[in-house]
Amino acid sequence: MSMEHKIRTLVRSEIRALSPYHVPAAGDVIKLDAMENPYGWPRGLVDEWLASLGDVPLNRYPDPAAGGLCARLRQAFDVPADMGLLLGNGSDELIQMLAMAVAGPERTVVAPEPSFVMYRMIAAYVGMDYVGVPLSGADFSLDMPAMRQAIQHHQSALVFLAYPNNPTGNLFDDAHVHEIIETAPGLVVLDEAYTAFAGRTFMEHLGRYDNLLVLRTVSKMGLAGLRLGWLAGAPAWLAELDKVRLPYNINVLTQATAEFALDHLDVLTEQTEQIRADRDALFDALDGMPGVEPFPSQANFILFRVSAGTATSVHQGLLSAGILIKDLSAAGGTLADCLRVTVGRPEENARFLEVLRGLV
Ligand SMILES: *Cc1c(COP(=O)(O)O)cnc(C)c1O
């Protein structure tokens with residue numbers, strides 16, 4: 001039997017049908033495609049961090065419960081005292097743990113579309129059905145009749161709501177979110193990856209709903225390389241999810257570095273404040289540019305539409321000038337002719353605007 005034949009018969013068809021998560025090689029470009037914080041730390045802080053790592057016992061397995069880190073996360077991000085925390089190697093891993101814990105025949109993940117692509121990908125990994133419900137109209141709000149219908153009809157095991165949503169940048173209407181939590185028969189996960197830029201959260205509502213979990217990450221606030229996410233919610237849920245966690249998923253360097261970073265949270269907060277202000281300036285500049293329609297964003301990126309049929313050539317033109325953003329136009333539908341730019345440093349944003357002006 002040929003290897004190709006073995007692959008075809010052995011690898012599940014839904015896995016063979018997936019495209020690998022594509023990350024373009026960055027090289028020497030202005031990188032505005034992945035919602036990274038463009039700022040590093042001041043030299044003195046880097047030295048202090050490096051010195052602190054000298055004591056980390058690399059020969060030992062990490063603290064499996066990451067107790068010290070959990071305590072700091074609770075304090076820094078106002079996790080209610082009676083709620084638990086579960087850590088993941090990025091919030092992606094927590095999405096995967098959630099799916100693994102509830103997967104089974106006729107178990108469905110529901111999410112609005114467009115939204116974060118990993119909800120669909122991970123549903124496929126674990127063999128769950130996935131139902132994407134198109135966002136409505138021009139403002140990317142939740143289509144509530146369609147969401148109600150999908151949740152009821154499929155008796156959703158998991159609903160994911162990115163708040164603010166990626167790639168559209170908007171916050172969903174709070175009343176809509178509350179209604180979804182109240183009507184969903186299964187879990188509702190509020191994915192607050194961009195909360196640092198939105199200043200809004202459902203954390204305070206955890207005690208009110210027994211099917212709500214709040215997902216966070218340090219990635220977008222300036223520590224994407226660390227790979228650390230956390231899920232907050234009722235300890236009884238988290239105790240079950242913890243059973244599908246691989247032991248020692250948060251390595252010693254991540255634990256030590258995250259603790260150090262949280263002790264200096266003011267540095268990251270200052271950077272995210274700067275990014276928020278620059279986002280608003282970038283929005284105004286895009287809004288004033290003929291041939292460009294930006295959509296209001298509460299995150300650290302802006303989705304914008306260009307003239308019909310030109311998105312891919314605009315994307316390529318930017319790349320030729322050394323600027324990498326994200327082309328979302330291939331998805332069509334609500335994302336037809338749409339590109340997404342991450343807010344960079346002021347000089348990066350200015351260069352992006354200058355090149356874009358010549359392309360639209
Ligand atoms: C970037 C992103 C994540 C992934 O976060 P990691 O912690 O880096 O895995 C999760 N959810 C949304 C909506 C995102 O945009």
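Just so you know, ligand 1 is whichever comes first in the structure, and atom 1 is the first atom listed for that ligand. None of the values given here were measured: they were computed from a predicted structure.
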Q. Which atoms of ligand 1 have any heavy atom of Asp92 under 4.0 Å away?
A.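 In order of number, 4 (C), 9 (O).
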Q. How far is atom 13 (C) of ligand 1 from its nearest protein heavy atom, and which residue and atom is that?
A.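 So the nearest neighbour among protein heavy atoms is Asp191 OD2, 3.4 Å.
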Q. Starting from atom 5 (O) of ligand 1, which protein heavy atom do you reach first, and at what distance in Å?
A.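 For atom 5 (O) of ligand 1, the nearest protein heavy atom comes out as Ser91 OG, 2.9 Å.
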Q: Decide whether the shortest distance between a heavy atom of Lys220 and an atom of ligand 1 is less than 4.0 Å.
A: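 True for this residue.
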Q. Is it true that Arg227 lies under 4.0 Å from ligand 1, counting heavy atoms only?
A.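 The answer is yes: ligand 1 sits under 4.0 Å from a heavy atom of Arg227.
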Q | Heavy-atom nearest neighbour of atom 7 (O) of ligand 1 within options Thr217, Asn300, Leu226 | A |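 Ranked by closest heavy atom to atom 7 (O) of ligand 1, first place is Thr217.
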Q | Derivation of the side-chain hydrogen bond (donor to acceptor under 3.5 Å, both in side chains) call for Gln298 and Asn170 | A | CA-CA 6 Å; Gln298 302 297 312; Asn170 57 310; over 6 Å; no
Q | Output field: ring centroids Phe172/Phe140 closer than 6.0 Å | A |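 No.
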Q. When the ring centroid of Tyr130 is compared with that of Tyr119, is the distance short of 6.0 Å?
A.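 That pair fails the under 6.0 Å test.
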Q: Using the side-chain hydrogen bond (donor to acceptor under 3.5 Å, both in side chains) rule, take Thr254 and Asn251 through it: C-alpha gap first, then chi angles, then the decisive distance, then the call.
A: CA-CA 5 Å; Thr254 294; Asn251 73 70; 3.1 Å; yes
Q | Asn166, any N or O under 3.5 Å of ligand 1 N or O | A |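 For ligand 1, there is an N or O atom that lies under 3.5 Å from one belonging to Asn166.
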Q | Test log, rule ring-ring contact (aromatic ring centres under 6.0 Å, His included), inputs Phe301 and Tyr194 | A | CA-CA 10 Å; Phe301 58 84; Tyr194 300 96; 5.2 Å; yes
Q: Verify side-chain hydrogen bond (donor to acceptor under 3.5 Å, both in side chains) between Ser329 and Asp337, making sure each step is shown before the conclusion.
A: CA-CA 5 Å; Ser329 63; Asp337 308 308; over 6 Å; no
